[in-house]
Protein chains: 2
Amino acid sequence: MSRAFDPRLYLVTARSLLRGRDWINVILAAVRGGVTLVQLREKHLDTRRFTEEARLLKTALTPHGVPLIINDRIDVALASGADGIHLGRRDMLPADARRLMGPNALIGLSLESMADAQAVLPSIVDYVAASPVFPTPTKTDTAAPLGIAGIRKIRELVSLPLVGIGGIHSGNVREVIEAGADGIAVISAILAADDPEQAARQLRTLLS
Amino acid sequence: MSRAFDPRLYLVTARSLLRGRDWINVILAAVRGGVTLVQLREKHLDTRRFTEEARLLKTALTPHGVPLIINDRIDVALASGADGIHLGRRDMLPADARRLMGPNALIGLSLESMADAQAVLPSIVDYVAASPVFPTPTKTDTAAPLGIAGIRKIRELVSLPLVGIGGIHSGNVREVIEAGADGIAVISAILAADDPEQAARQLRTLLS
């Protein structure tokens, strides 16, 4: 592992999800509520704006000691001084990412199947995100849900920190943790809440 | 300038433009015909495939001594060992690109106006590409054509190597050079030709 980090409550965000609100303020509210890790995911922004957003968010998160992870774009991560990169199957290979990001970066990898889990290289990757655990409306390009049984199987295959993502909320978070996950990643459970800070706090209480 | 390079005949390509033909072979034919610089531009590919393509092309070009420039994506350029990066107004800022790419990389910048030309930092950028010189069907998001008069004005403002791009072919290339450009960048004038090698050779003869 590159360095210590807390995988318990991982907020995945894109500015477009926060339309009409000050997106940095929403994220900082979630951090006050107990978010331990933030991923910025922007699939449709140009490089310049994505880099600007990442820098703003990095500056906002630094005083709170919460690492910023960038989805896919190592160029944006390097330029913004982000703490790490999250990779899916269409993103850069983890070995290339490690070479470019250096030994101290956090590198996360999405797993969508048992085959993905068996292929993880723990010498390169810092954490894995198993997705989707449950059906989810946020992402439409995802694989079939892994279910709680899938989390249990991945836990047997992978010793790295494991977070579940996809359709997780306060009503099912305990099942995910009891199946062996070290944390959860959420989007709408926090961002769609009327009070993101309170939503984060409620989830965090269930994770402690 | 980072290092010597020949800006005379710059081929801008994307694999999708070469559908139905072996894209590497088409590019190598153009190189045999006299292409001096190749830019890979892929706006719709995922990072993993873009990186794979860039690596294939870099491997193919290396024996010919022709530099490979990647459009926009510094992550892909770094992972593939490409020689440089080409930046537009929505891509990373040149200063960030230089910091990430290092002192030896070639950094090119698109100019679409006199204001762009006045803002170029010659200590950071290695060449500029003025676009579009003429109306072009290849790119639909471009500014109004600069015309030959625009090339002349940019030549007065910028001392860096200058290539014209947009609607240039064997019938108008001399005008562009006589207006002060050091070279031309082309897409369809080579890639849409029945014989890309011969098309490149004809252009190169007009540039020598």
Side-chain angles (χ1 to χ4, degrees), chain A residues 15 39-56 58-59 69-82 84-102 105 107-112 116 119 121 124-125 139 141-143, chain B residues 15 39-56 58-59 69-82 84-102 105 107-112 116 119 121 124-125 139 141-143:
Chain A
R15 197 169 75 165
Q39 179 187 134
L40 181 60
R41 183 177 190 274
E42 295 283 3
K43 286 292 180 192
H44 304 291
L45 269 193
D46 59 54
T47 303
R48 187 163 304 179
R49 287 201 51 210
F50 192 175
T51 304
E52 286 166 2
E53 284 194 6
R55 279 201 173 117
L56 282 175
K58 175 62 190 159
T59 301
I69 310 290
I70 303 295
N71 187 288
D72 177 14
R73 296 290 298 268
I74 290 169
D75 49 352
V76 173
L78 291 171
S80 66
I85 192 87
H86 188 84
L87 303 169
R89 61 195 309 133
R90 293 181 178 137
D91 304 335
M92 211 164 274
L93 290 167
D96 288 330
R98 178 59 72 197
R99 189 165 53 81
L100 299 181
M101 295 285 296
I107 296 186
L109 187 65
S110 289
L111 306 181
E112 295 183 356
D116 289 349
L121 297 173
I124 292 174
V125 172
K139 286 182 74 177
D141 60 341
T142 51
Chain B
R15 197 169 76 166
Q39 179 187 134
L40 182 59
R41 182 176 190 277
E42 296 282 3
K43 285 291 178 190
H44 304 291
L45 270 190
D46 60 53
T47 303
R48 187 164 304 181
R49 287 203 50 211
F50 192 176
T51 304
E52 287 166 1
E53 283 194 6
R55 280 201 173 117
L56 283 174
K58 175 61 189 159
T59 302
I69 309 291
I70 303 295
N71 186 287
D72 178 14
R73 296 291 298 268
I74 290 170
D75 50 350
V76 173
L78 291 170
S80 65
I85 193 86
H86 188 85
L87 303 170
R89 60 193 311 131
R90 294 181 177 140
D91 305 335
M92 210 164 273
L93 290 167
D96 288 331
R98 177 59 73 198
R99 190 166 52 83
L100 298 182
M101 295 285 295
I107 297 186
L109 187 64
S110 290
L111 306 182
E112 296 182 358
D116 288 351
L121 298 173
I124 292 173
V125 172
K139 286 182 74 179
D141 60 340
T142 51

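So that the names make sense, note that chain A is the first sequence line, chain B the second, and so on, each numbered from 1. These numbers come from a predicted model, not from an experiment.
Chosen from B:L87, B:T51, B:L100, the residue pairing most often with chain A at heavy-atom distances under 4.5 Å is B:L100.
Ion pairing between B:R48 and A:D91 fails under the 4.0 Å rule for side-chain N and carboxylate O.
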> Would A:L93 and B:E52 satisfy side-chain contact (heavy atoms from CB on, under 4.5 Å), going step by step from the backbone distance to the final call?
Replying inline: CA-CA 10 Å; A:L93 290 167; B:E52 287 166 1; 5.8 Å; no
>> Determine whether A:R55 and B:D96 satisfy the following criterion, side-chain contact (heavy atoms from CB on, under 4.5 Å), listing intermediate values before the conclusion.
In response: CA-CA 12 Å; A:R55 279 201 173 117; B:D96 288 331; 2.9 Å; yes
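Side-chain contact between B:M101 and A:D75 is absent, with no heavy-atom pair separated by less than 4.5 Å. The closest side-chain heavy-atom distance from A:L45 to B:R90 is not below 4.5 Å.
Closest of all the heavy-atom pairs between A:L78 and B:R99 is O-NH1, 4.3 Å.
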